[in-house]
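First comes the structure, then the notes that go with it.
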Amino acid sequence: MGRSLRLLIVDDNEDDARLAVNQLEESGFCVTWSRVQSGEEFDAALQSGPWDAVISEHTAPKYDSLVAVKTVREFDAGLPFILVSGSIGEEAAVAALKAGVSDYVTKTNLARLPHVVERELREAEIRKSHERTRRILDQERRQLLSLFDSLNHIVYVVDPATYEVLYANQFVKSLIGRDPVGGLCYEEFQQFDIPCDFCPNENVLRLNNGSYEWEYHNWYLDKDFVASDRIIRWTDGRDVKFHIGLDVTARKKAEQELRRSELRNRALIEQSPIGIAIVQNEMCVYANPTLLKFLRAQSHEEVCGHSVFDALVPEHRDSARSFLDAILSGEQSEVSLQCRGFRKSGEELDMEIWPRQITLNGGAALLLFVADTTETKRLWGQLVQAQKMEALGTLAGGVAHDFNNLLTIVTGYCELMVAEQALPDNVRGDLQTIIQAGRSGAELVQRLLAFSRNAESKPRPVNLNLQVMNLKRLLARTLPKMIDIEVNLADGLAMVHADPTQIDQVLMNLAVNAKDAMPDGGKLTITIENTHLEAQCFWMHPEIKPGKYVQISVADTGVGMDKATLEHMFEPFFSTKGTGKGTGLGLSMVYGIVQQHQGHITCSSEPGKGTKFEIYLPVPEEPTFEAGEQSDEPTTLRGTETILIVDDEEPVRDLGQRILARAGYTVLAAPNGQQGLEIYRDRKAEIALVILDLVMPGMGGKECLAELLACDPSARVLIASGLLTDRQTKGGLESSAVGFITKPFEINTLLRSVRAALDAALPKDSPS
């Protein structure tokens, strides 16, 4: 098929118009066209476009072609407009081209028309591309200028040849009280009559593409600036100077005062929120109160008179000495140093130090600005830990899917063997043991899924006071009697939207961990209270929304945990209980369930001082109740329908075939989504149900489901997966499918699900 062409023709002769269209179609165009004769028709047709080109008779009796081209240019300046005339003189042709006609073709040479159209379409596309590029560049320019206007730095552009100010940001305008654009830089910024004698234009031009760093004093503003100038290309093609300046007036004055007197600005320094020290010959000769506070020192004597390197951990001393020596010798630029040191209590702290070389009593010295970054690094570690937990959750979900497929095979085949009547009792018992182990494995997978936040939950409005009181009765029978259980409930407690079973799992796991931490007895305290979280409470966790929460605190008086254990306690399979005493999934499941409820969990603990978990569950503005799931139990587990199984695991397909065939069904099987579609298209009249695996290589289950419904909107599909997806995704699948079954499944579970799917009504969006 040739290139499509939407063509608007202005001609009173339909035969002539058809000749032009035929010529274009013979050359390979697929033409969609409309012919008009008058100005009113032309205006209406132009608006009803879009059109790729306009062809007009030069001497149309009801409409002047020059009026038509003017209308086109006002409507779309880039739309090709071609004259086709029986005869047009040179003078008229020139006038038409000046008026905006793209080209003209004589009716005696219509063979030229396709070439003209092809060329004009190509040039029109080039013009559109240029216009798009221009708009993008213009948008980027406006964005860049907006960024410059947001800076509290001087930013302007000057023509170094004429000193004309071409651009100034909002900070410059507010600083000098007017818009300097169009004026001369030395007049606008310095109030001089001639160019400044310290003007850096020659140096900047000499550097070509380099950046020229310099400092200057603005006499008009009485301010000092550190500036960076470079040559850039302006929009009109000329080379201009781009200037960005930082106001360093305060810093310059501080340096001047320090040169006059080493302690003149003591009051200012001592009130600084940054630790400040003066170091000479490696000895600290001054430390401000903030630095003493950082170091937990009670007096200046504890810090001053000692080597500054004694306050650093041994492994950082050599690198810090080399860095500061380089600053003193001028070999190192004034950048910051990150290191680790000791407080006077022996506790370690993280520091960032900004050194500056000064002169003190005629000798070289260092002025150190010190920030305590211990808390910042701790919060950064929390962020890294949260990202690691997210990655582990993704991994856990993938492992759970594959493991469920394996458990489906193990428990399914064992159930088939147990169903055999002639099986010896000892063999039957062994198989039952394997089946029970498989079910235990499935419970282990559910814990992995809880950690990865893929486990299905059934939330409803819950009063945690009642939930905890019911749990206390269970704990009283479960925990040793030497553990005292105290429950503190809240008056007027808000309802939360939660899965009661999962909340019980969370509290039970925390209680069991507390019991293990108190082998000789102790006290377990569970406290429920209303609270309100502000945005700054969890600023390192932006997913936690400010608002009303119910806080659950679970505290014990046990052995506690060290810092290394705290960093890993929510990770799957991490355990301190030793081999055979735990799976290491208890706290990871707790973490996953809390995250699944859009909540947050924290833990504080020290060796010998017990452990306290705090759980925050959000309070919904309007609690909603989920409708109970009601389904009639199938009256029989057998059937005679034809069922198609689509699963990439051969043992799973074989197991499904054997189970369903024993129940009377005719079973077809496909190893992937593509083959499943092909089988369904060929035999959809006889296939009553498709059992579709959700996770397969190549065409996945979601894509295959969409293709099946596109092929046959009335198709019945039962989704099977070893990984329960989140509620939103599952809800989307169930709105298209007739059911959802999770792996591993028991034989009767599969048969009930199949029978229910066959007997169920089709999804409401499907035709009956």
Side-chain angles (χ1 to χ4, degrees), residues 269-270 272-358 360 363-388 540 559-569 571 574 576 602-609 611:
I269 292 174
E270 290 186 351
S272 170
I274 298 293
I276 299 176
I278 299 176
V279 176
Q280 192 169 42
N281 298 324
E282 297 190 0
M283 305 298 289
C284 180
V285 298
Y286 171 79
N288 75 337
T290 302
L291 183 58
L292 297 180
K293 183 178 178 181
F294 288 167
L295 298 176
R296 304 287 194 269
Q298 301 301 317
S299 66
H300 284 84
E301 288 72 21
E302 292 185 57
V303 177
C304 298
H306 299 278
S307 172
V308 67
F309 301 111
D310 290 343
L312 304 181
V313 296
E315 56 268 28
H316 287 181
R317 291 172 185 170
D318 290 341
S319 59
R321 180 176 282 106
S322 299
F323 177 82
L324 295 180
D325 287 345
I327 294 290
L328 284 170
S329 63
E331 298 176 2
Q332 175 70 49
S333 60
E334 295 170 355
V335 295
S336 65
L337 168 69
Q338 296 186 10
C339 57
R340 196 163 180 81
F342 293 111
R343 305 187 199 273
K344 289 302 177 180
S345 60
E347 180 186 0
E348 292 188 3
L349 79 157
D350 292 295
M351 297 180 290
E352 186 165 5
I353 302 173
W354 292 268
R356 186 166 185 85
Q357 183 182 5
I358 62 173
L360 179 64
L366 286 172
L367 177 66
L368 304 182
F369 298 90
V370 185
D372 182 352
T373 59
T374 306
E375 183 67 12
T376 301
K377 287 201 171 186
R378 185 185 69 81
L379 293 173
W380 176 255
Q382 289 181 1
L383 175 61
V384 172
Q385 178 71 6
Q387 292 173 335
K388 180 170 67 174
M540 286 297 290
V559 296
M561 292 180 281
D562 57 24
K563 183 177 180 181
T565 303
L566 279 172
E567 290 178 353
H568 299 281
M569 64 179 175
E571 296 177 9
F574 177 78
T576 60
T602 64
C603 178
S604 57
S605 181
E606 292 183 31
K609 296 185 179 180
T611 300

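We use all heavy atoms of the structure for the numbers below, so side chains are in, but hydrogens, waters and symmetry mates are not.
The side-chain heavy atoms of Leu368 and Leu324, taken from C-beta on, include a pair separated by under 4.5 Å. With a 4.5 Å cut-off on side-chain heavy atoms, Cys603 and Thr611 count as touching. Looking only at side-chain heavy atoms (C-beta outward), Phe342 and Glu347 stay at 4.5 Å or farther from each other. Annotation: side chain of Ile276 is in contact with side chain of Leu367 (closest heavy-atom distance under 4.5 Å). The closest side-chain heavy-atom distance from Leu312 to Arg321 is not below 4.5 Å. Put simply, the side chain of Phe323 does not reach to within 4.5 Å of the side chain of Ile353, judged on heavy atoms. Proximity of Gln338 to Asp350: side-chain heavy atoms (C-beta onward) are nowhere separated by under 4.5 Å. A 4.5 Å side-chain heavy-atom check between Leu360 and Val285 finds at least one atom pair inside the cut-off.
Here Phe369 contributes atom CZ and Thr290 contributes atom OG1; the two are 12.0 Å apart, rounded to the nearest 0.5 Å. Here the CG-OG1 distance, from Leu349 to Thr373, works out to 7.5 Å after rounding to the nearest 0.5 Å. Interatomic distance, NZ of Lys609 versus OG of Ser604, reported as 11.5 Å (0.5 Å rounding). In this structure, Cys304 SG and Leu292 CG are separated by 7.0 Å, a value rounded to the nearest 0.5 Å. Taking CG of Asp325 as the start and CD of Glu282 as the end, the distance is 6.5 Å to the nearest 0.5 Å.
Of all the heavy atoms in Met561 and Ser605, the pair that sits closest is N-OG, 2.7 Å. Minimum interatomic distance between Ala287 and Leu291 (heavy atoms only, all atoms of both residues): CB-CD2, 3.8 Å. When all heavy atoms are compared, the tightest approach of Leu328 to Ala365 is CD2-O, 3.7 Å. The two residues Phe294 and Gly275 make their nearest non-hydrogen contact at CE1-N, 3.6 Å. Taking both residues in full, the closest heavy atoms of Asp310 and Arg317 are given as O-NH2, 3.6 Å, listed atom of the first, atom of the second, then distance. The two residues Val303 and Ala297 make their nearest non-hydrogen contact at CG2-CB, 3.8 Å.
Just one residue in the list Lys293, Arg343, Arg340 forms a salt bridge (Lys or Arg N to Asp or Glu O under 4.0 Å) with Asp372, and that residue is Arg343.
When the shell of 6.0 Å around CD of Gln298 is examined, it contains 12 or fewer heavy atoms from other residues, nucleotides or ligands.
The closest side-chain donor-acceptor pair between Glu352 and Ser336 falls under 3.5 angstrom.
With hydrogens and angles disregarded, no donor-acceptor distance shorter than 3.5 Å links the side chain of His316 to the backbone of Gly341. A donor-acceptor pair under 3.5 Å links the side-chain atoms of His306 to the main chain of Glu301, judged by distance alone.
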